[in-house]
2 protein chains.
Amino acid sequence: MSETAIVRGEEELFARTAHLFAAADEVACAANDLNTWAASRRQHTSEQHGAVRVRKIYRPGVLLDPGTVAHLRDRERHGADIRLTTDEINETIIIDRRLVILAGDVVDGVRSYSVLTRPELVQGVSSLFEAAWRGARPLAGYSAEFAELRLLAPKILDMLASGSKDETAARTLDLGVRTYRRKVAELMSALGATSRFQAGVRARELGLV
Amino acid sequence: MSETAIVRGEEELFARTAHLFAAADEVACAANDLNTWAASRRQHTSEQHGAVRVRKIYRPGVLLDPGTVAHLRDRERHGADIRLTTDEINETIIIDRRLVILAGDVVDGVRSYSVLTRPELVQGVSSLFEAAWRGARPLAGYSAEFAELRLLAPKILDMLASGSKDETAARTLDLGVRTYRRKVAELMSALGATSRFQAGVRARELGLV
DNA sequence: TCCAGTCTGGCAGGAAGTTGCCGATCGGTG
DNA sequence: CACCGATCGGCAACTTCCTGCCAGACTGGA
């Protein structure tokens, strides 16, 4: 593999980097949802509990999905270090401080990935990751805060995604309009959105709708 | 393959049905975006111009993306029959009126597909497809209507997705607020959305943001 | 029981978004 | 040039959304 490779599709990425994941001592990862690096998970789930250090940064929005939270907790029990940040982060994996994978855009339905091994680049990306890591907060801190929102979130997202007005959505969910709107506001804050359109985009990105 | 199979992931779907696409005389397809059946495209793009009948139904929202439109036009030149409908449609492929593929939900990042061969099921799905087909309008009819919106749509979607207020977005795009809002309304209508949240979800689904 | 903290939901006032109306402007066309 | 149609964008009335305020309900201690 040359110093900079473009890989098209997660299948191919996985095929070409599986051995690296298998042998990794340290994996650092930033992602917006659980799906992005799903392929890589096939590895370190079963094997690799020992000395390997796994750090992951997500956005708080992932806490809105019960399944996702359960999964993250499970990963923590397996030794992974998980933090959350409200910053915009590009999806990134750094393996053993020697190789970087940056997720690119989706073209014709397949996502492309840049695989970098050039030391300066890896160093640069790593330093950015470290900065983001320091600025991120541990999972536990957010977790409680979102516990009750998580119960209602799927229903509220459904109502929002169906194009209902607040009035009817609140009635449907048997809530006061004020309470419904409070929940929507919390939801938007969790998604880091400042408009409902943006919230819709983010919710879809996270697979919440 | 039994009468009803569940296939996980587009790769596997493609692997198991590629020979069917290659030999197909008639393909009917309903999708919300171009990506869904992307794998199937690897087939009938190059080969198969002769007697094979290809019908596709999309939603008007696909017209908002210039690249998508160009692609659809190209497919039409290659003999495909393309129509648009404002109805909600589940993503479906019917091959030679003998086999049906229904797209399911995304779980852990991979989409599942149901492959049906049981004649009653295929017959039932086909009849629904035919009904939708009759209710759908040809691409050409919409195409002109969206021509000018398409130019502005990407910018407007960017502004919306960035969480800007109408006021600032309009200033940024050098439009009057009234005009900006008019465009947003047209956009939402094209997406079949009745709220901005819903529009955000749909736009994301179509990969427009 | 009483208290403190939390969640609820009505109300109100304001911000943001939606829409009809209409005159101004621009690019053809007769 | 006059006319026509289409678009633009300001205005205004209206709807929807956002949020601070606060009283009432509920909960878990002390």
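In what follows, chains are A, B, ... by sequence order, proteins preceding strands, each numbered from 1.
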### Message
Within the 3.5 Å criterion, strictly below it, is a donor on B:S127 or B:Q123 matched to an acceptor on the partner's side chain?
### Response
no
### Rounded distance (Å) that lies between atom P of D:dT15 and atom CZ of B:R196
18 Å
### Query
Taking atom P of D:dC17 as reference, at what distance in whole Å does atom CD of A:Q198 sit?
17 Å
### Task
Measure from the side-chain N and O atoms of B:R202 to the backbone N and O of B:G192, and report whether any donor-acceptor pair falls under 3.5 Å.
yes
### Query
What integer distance in Å separates B:D174:CG from D:dG9:C1'?
12 Å
Could you list the protein-to-nucleotides 27-29 of chain D atom pairs, N/O on both sides, closer than 3.5 Å?
none

### Query
Starting at the 5' end of DNA chain D and moving along, which residue's nearest nucleotide shows up first, B:V177 or B:E148?
B:E148
### Query
Who pairs with A:S164 by side chain to side chain donor-acceptor pair (under 3.5 Å), at least two apart in sequence or on another chain?
A:S162
#### Entry: For atom CG of B:D166 and atom P of D:dG10, their distance in whole Å
14 Å
### Message
Given B:I101, which partner from the list B:L13, B:V125, B:T92 fulfils the side-chain contact (heavy atoms from CB on, under 4.5 Å) test?
### Response
B:L13
### Task
Return yes if a side-chain donor-acceptor contact under 3.5 Å exists between B:Q198 and B:T194, otherwise no.
yes
### Message
When you compare the side chain of B:I156 with that of B:L187, does any pair of heavy atoms fall below 4.5 Å?
### Response
yes
### Message
Give me each pair satisfying side-chain hydrogen bond (donor to acceptor under 3.5 Å, both in side chains) with a member in residues 182-191 of chain A, each pair once, sequence neighbours excluded.
### Response
A:E148-A:K183
### Qualifying residues under side chain to side chain donor-acceptor pair (under 3.5 Å), relative to B:R137, sequence neighbours excluded
none
### Message
What range of DNA chain C does chain B touch, first nucleotide to last, counting atoms under 4.0 Å from its heavy atoms?
### Response
C:dA16 to C:dC21
### Message
With the threshold set at under 4.0 Å for non-hydrogen atoms, list the residues of residues 178-187 of chain A touching DNA chain C in residue-number order.
### Response
A:R178, A:T179, A:R182, A:K183
### Message
With heavy-atom distances below 4.5 Å as the criterion, would you say the side chains of B:N90 and B:L102 are in contact?
### Response
no
### Query
Hey, does the side chain of A:R53 reach the backbone of A:D25 with a donor-acceptor pair shorter than 3.5 angstrom?
no
### Task
Using distance alone, with no hydrogens and no angle criterion, decide if B:E10 and B:Y113 have a side-chain donor and acceptor under 3.5 Å apart.
yes
